[in-house]
**Student:** 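I have a structure here, written as structure tokens, and I will follow up with some questions on it.
We count residues from 1, following the sequence as given. Since the structure is predicted, the reported quantities are computational estimates derived from the model, not experimental observations.
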Amino acid sequence: MKKYLALVAVTLALFGQSVRAAEIESRSLDQIHKEALKEGGTLVVYAGGDTPNQLDGIKTAFEKRFPGMTLEVVVDYSKVHNARLDQQFAYGKVVADVVQLQTLQDFPRWRREGRLLAYKPRGWDHIYSSFKDQTGAWTGVFVDAFSNLANTKALGSIPAPSNAHDYLDPALKGKIISTYPNDDDAVLFWYKQTIDRHGWEWMEKFMQQEPHFVRGTQAPADAVASGKYPVTFTTDGSLKHDANSPVRFSIPTNDGFVAWAQRAAIIKGTRRPESARLYLSWLLDKDTQKNVWYMWSVRNDVQPPADYRPIWEYSSANLSNFERFMADRDAVERFRARIQLYVGEVQGPSSTGVLGMTPTKALGATAAAKP
């Protein structure tokens, strides 16, 4: 018993040291940049997403801001990246310096396993408290949300849907595109909260609308933008309306939608810790949050466009419910199995492509994967 208590005391002491060591970054971005260049100027980020070039805007902005730096953003489904990273941990061959994913449940586990390097980026005090780990093991870097996206030109005289029942309008039969809910957990949660509120009868009636199911959440956005399908609810959209575009993103007036802060962390043992720190501090910089990302900020001092409130002020965003949903993997799999009875098994190749076990570059770039 005494040995056990001693071990607990040592563990707590070490944990306390790790917490104290993660002080808020006080250096300027330019100072961190100078140190990052000494590491070779390259950074590998495993990022959750749906197409290989989906985060090219972030890559371009980062490399423009920091000359001499190369940001390799390897995009894949979060549910693939987390398994890939666990496999790399098991073999002791970790490629990524930073991981940024939708799978919220992985970050507390990786913290407990000692896989993450504690870091509190610049602006830490302005990050909404529920979007960060208090020890600095991980932090939310931007808010994503899946809700209504409509092409008003393609809809013509049909009213743009706002709430779940609006998608049952007979005029929308054959005109709805959706990501397979059994292929993406955030989409799965949209369906779950809708069915929890309206019952499985809603799902039965929705299937009578002959929705078109696809892999990935970028495909619905592209289809709505082109007018091929006028509406979806399984993708995000810009909060800043483009007056020259017929595409409009909106949140429900009565029902819920899905929102979360995409989490990012530095992998413990990375050979490029300063480059990783630079990336996180830049991504959370006030200017980046205002001008690079197109949805809500994780910072409490960055206001959304005039038509919106901060995301944490929307109870319909179900932020905490989504986090609990993601953590209960048994419940997730039970619901996935039930929804699959309606939509069928996922069809089609991955929209991100097949990247292999240890990719170091985006698919299509030179040396996309190591053998």
**Student:** Looking at every non-hydrogen atom in both residues, tell me the closest pair between A259 and I311 and how far apart they are.
**Tutor:** CB-CD1, 3.9 Å
**Student:** Does the pair L101 and F107 meet the rule for a side-chain contact (heavy atoms from CB on, under 4.5 Å), with working shown?
**Tutor:** CA-CA 9 Å; L101 304 176; F107 291 83; 4.2 Å; yes
**Student:** CG/D184 to OG/S178 distance, rounded to the nearest 0.5 angstrom?
**Tutor:** 9.5 Å
**Student:** Begin from the C-alpha positions of R84 and L355 and carry the test side-chain contact (heavy atoms from CB on, under 4.5 Å) through to its verdict.
**Tutor:** CA-CA 10 Å; R84 177 178 287 122; L355 285 77; 3.7 Å; yes
**Student:** Using only heavy-atom distances, determine whether the side chains of D144 and Q262 contain a donor-acceptor pair under 3.5 Å.
**Tutor:**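 No.
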**Student:** Looking just at side-chain N and O atoms, do Q218 and Q54 make a donor-acceptor pair shorter than 3.5 Å?
**Tutor:** yes
**Student:** Is there a side-chain contact between K361 and E72 in this structure, where contact means two heavy atoms from C-beta onward sitting under 4.5 Å apart?
**Tutor:**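 A side-chain contact exists here, since the closest heavy-atom pair is under 4.5 Å.
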**Student:** Using a strict cut-off of less than 4.0 Å between a Lys/Arg side-chain nitrogen and an Asp/Glu carboxylate oxygen, indicate whether D242 and R248 qualify as a salt bridge.
**Tutor:** no
**Student:** Of the non-hydrogen atoms in V73 and A47, which two are nearest, and what is the gap between them?
**Tutor:**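 Here V73 and A47 meet closest at CG1-CB, 3.8 Å.
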**Student:** Would a distance-only check, ignoring hydrogens and angles, find a side-chain to backbone donor-acceptor pair under 3.5 Å from S226 to A223?
**Tutor:**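 Confirmed, S226 side chain pairs with A223 backbone.
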**Student:** Output the distance between atom CD1 (I32) and atom OG (S275), rounded to the nearest 0.5 Å.
**Tutor:** 10.5 Å
**Student:** Can you confirm if the NZ or CZ of R215 lies within 45° of the ring axis of Y180 and under 6.0 Å from the centre of its six-membered ring?
**Tutor:** no
**Student:** Taking the side chain as C-beta and beyond, is there a heavy-atom pair between R122 and I24 under 4.5 Å?
**Tutor:**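 No, side chains not in contact.
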**Student:** Check the side chains of D255 and H198 for a donor-acceptor pair under 3.5 angstrom, ignoring hydrogens and angles.
**Tutor:** yes
**Student:** Between Y167 and F206, is a ring pair (Phe, Tyr, Trp, His ring centres under 6.0 Å) present by the stated rule, with each step listed?
**Tutor:** CA-CA 7 Å; Y167 287 93; F206 179 69; 7.1 Å; no
**Student:** Output the distance between atom CD (E210) and atom NZ (K173), rounded to the nearest 0.5 Å.
**Tutor:**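 Going from the CD atom of E210 to the NZ atom of K173 covers 4.5 Å.
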**Student:** Under the salt bridge (charged side-chain N to carboxylate O under 4.0 Å, His left out) rule, what pairs show up with a residue in residues 33-49, not counting sequence neighbours?
**Tutor:**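 Every pair satisfying salt bridge (charged side-chain N to carboxylate O under 4.0 Å, His left out) with a residue in residues 33-49: E35-K38.
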**Student:** May I have all residue pairs that pass ring-ring contact (aromatic ring centres under 6.0 Å, His included) and include part of residues 257-277, sequence neighbours excluded?
**Tutor:**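 For residues 257-277, and leaving out neighbouring residues, the ring-ring contact (aromatic ring centres under 6.0 Å, His included) pairs sorted by first residue read F146-W260, W260-F322.
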**Student:** Once rounded to the nearest 0.5 Å, what's the spacing between atom CG of N151 and atom NZ of K175?
**Tutor:** 11.5 Å
**Student:** Report yes if the side chains of M203 and V343 come closer than 4.5 Å at any heavy-atom pair, otherwise no.
**Tutor:**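 The answer is yes, as the side chains (C-beta and beyond) meet within the 4.5 Å cut-off.
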**Student:** Here's a test for you: under ring pair (Phe, Tyr, Trp, His ring centres under 6.0 Å), which of Y191, W190, Y342, W200 qualifies with F335?
**Tutor:**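 Of all the options given, the one that passes is W200.
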**Student:** Holding to side chain to side chain donor-acceptor pair (under 3.5 Å), I want the full list of residues that pass it with H33, two or more places apart in sequence or in another chain.
**Tutor:** none
**Student:** So, R299 side chain and L284 main chain: donor-acceptor pair closer than 3.5 Å or not?
**Tutor:** yes
**Student:** Indicate yes or no: at least one non-hydrogen side-chain atom of H241 is less than 4.5 angstrom from one of V247.
**Tutor:**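 They are not in contact (no side-chain heavy atoms under 4.5 Å apart), so the answer is no.
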**Student:** Nearest 0.5 Å, what's the CG-NZ distance between D301 and K286?
**Tutor:** 4.5 Å
**Student:** Quick one: closest heavy-atom pair of S147 and I251, and the distance?
**Tutor:** OG-CA, 3.3 Å
**Student:** Hey, is the main chain of V298 close enough, under 3.5 Å, to the side chain of Q289 for a donor-acceptor pair?
**Tutor:** yes
**Student:** Should the pair K79-D183 be classified as a salt bridge under the 4.0 Å nitrogen-to-oxygen rule?
**Tutor:**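 Salt bridge between K79 and D183, a charged N being under 4.0 Å from a carboxylate O: yes.
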**Student:** Identify, with sequence neighbours excluded, every residue that meets side-chain contact (heavy atoms from CB on, under 4.5 Å) alongside A276.
**Tutor:**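 A276 satisfies side-chain contact (heavy atoms from CB on, under 4.5 Å) with L43, V98, I266 only.
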**Student:** With no hydrogens and no angle check, is any side-chain donor or acceptor of N148 less than 3.5 Å from a backbone partner on A160?
**Tutor:**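 No.
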**Student:** Compare all side-chain heavy atoms of W138 with those of V99 and state whether any distance is below 4.5 angstrom.
**Tutor:** no
**Student:** Just by modelled atom types, is the T217 backbone N or O under 3.5 Å from a matching donor or acceptor in the T235 side chain?
**Tutor:**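 Yes; at least one donor-acceptor contact below 3.5 Å.
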**Student:** If you look at every heavy atom in Q340 and N182, which pair is closest and at what distance?
**Tutor:** OE1-ND2, 3.0 Å
**Student:** Less than 4.5 Å apart, any side-chain heavy atom of L149 and any of V231?
**Tutor:** no
**Student:** Please check this pair: side chain of Y77 against backbone of S351, looking for a donor-acceptor N/O pair closer than 3.5 Å.
**Tutor:**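 Here the side-chain-to-backbone pair exists.
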**Student:** Going through the checks in order, is the side-chain contact (heavy atoms from CB on, under 4.5 Å) test met by I195 and I339?
**Tutor:** CA-CA 10 Å; I195 291 168; I339 205 83; 3.7 Å; yes
**Student:** What I'd like to find out is whether the side chain of Y46 reaches to under 4.5 Å of the side chain of I267, using heavy atoms alone.
**Tutor:**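 The answer is no; the side chains never approach within 4.5 Å.
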**Student:** Is there a donor-acceptor pair under 3.5 Å between the side chain of Q87 and the backbone N or O of M357?
**Tutor:**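 No; judged by distance alone, with no hydrogens or angles, the pair does not exist.
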**Student:** Between R263 and E323, is there a side-chain N and carboxylate O pair less than 4.0 Å apart?
**Tutor:** yes
**Student:** What verdict does the side-chain contact (heavy atoms from CB on, under 4.5 Å) test give for K240 and Y294, after you've listed the backbone C-alpha separation in whole Å, the side-chain angles of each residue and the deciding distance to 0.1 Å?
**Tutor:** CA-CA 7 Å; K240 300 176 182 178; Y294 53 86; over 6 Å; no
**Student:** To the nearest 0.5 Å, how far apart are CD in Q105 and CD in Q102?
**Tutor:**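 If we round to the nearest 0.5 Å, Q105:CD and Q102:CD are 9.0 Å apart.
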**Student:** Using ring pair (Phe, Tyr, Trp, His ring centres under 6.0 Å) as the criterion, list what pairs up with F62, not counting sequence neighbours.
**Tutor:**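 By the ring pair (Phe, Tyr, Trp, His ring centres under 6.0 Å) rule, F62 matches F66, Y279, W282.
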**Student:** When you check the gap from the basic side-chain N to the acidic O, do R27 and E25 get nearer than 4.0 Å?
**Tutor:**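 Here R27 pairs with E25 in a salt bridge, since their nearest N and O are under 4.0 Å apart.
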**Student:** Looking at S162, is its backbone amide N or carbonyl O close enough to the side chain of D166 to form a donor-acceptor pair, meaning the two atoms are under 3.5 Å apart?
**Tutor:**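 Side chain of D166 to backbone of S162: a pair is present.
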**Student:** I would like to know whether D30 and R65 meet salt bridge (charged side-chain N to carboxylate O under 4.0 Å, His left out); could you show each step before the answer?
**Tutor:** CA-CA 10 Å; D30 289 336; R65 173 65 178 82; 3.1 Å; yes
**Student:** With a cut-off of 3.5 Å and sequence neighbours excluded, list every side-chain donor-acceptor pair involving residues 123-130.
**Tutor:**
unit_1: H126; atom_1: ND1; unit_2: N300; atom_2: OD1; d: 3.3

**Student:** Distance only, no hydrogens: is a donor on one side chain within 3.5 Å (strictly under) of an acceptor on the other, for N321 and Q193?
**Tutor:** no
**Student:** At their closest point, which heavy atom of A150 faces which heavy atom of V224, and how far apart are they?
**Tutor:** C-CG1, 3.8 Å
**Student:** Would you say the side-chain atoms of Q88 pair up with the backbone N or O of V95, donor to acceptor, closer than 3.5 Å?
**Tutor:** yes
**Student:** Distance-only, no hydrogens or angles: does the S28 side chain make a donor-acceptor pair with backbone N or O of Q31 under 3.5 Å?
**Tutor:**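 Checking the backbone N and O of Q31 against the side chain of S28, a donor-acceptor pair under 3.5 Å is found.
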**Student:** Check step by step if salt bridge (charged side-chain N to carboxylate O under 4.0 Å, His left out) holds for D185 and R336.
**Tutor:** CA-CA 9 Å; D185 284 353; R336 192 193 316 279; 2.9 Å; yes
**Student:** Below 4.0 angstrom, N of the basic side chain to O of the carboxylate: do R109 and D86 qualify?
**Tutor:** yes
**Student:** Kindly give the heavy-atom pair with the smallest separation between S297 and W312, and that separation in Å.
**Tutor:** O-CZ3, 3.8 Å
**Student:** V332 versus M326: any side-chain heavy-atom pair under 4.5 Å?
**Tutor:**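 A side-chain contact is absent here, since even the closest heavy-atom pair is not under 4.5 Å.
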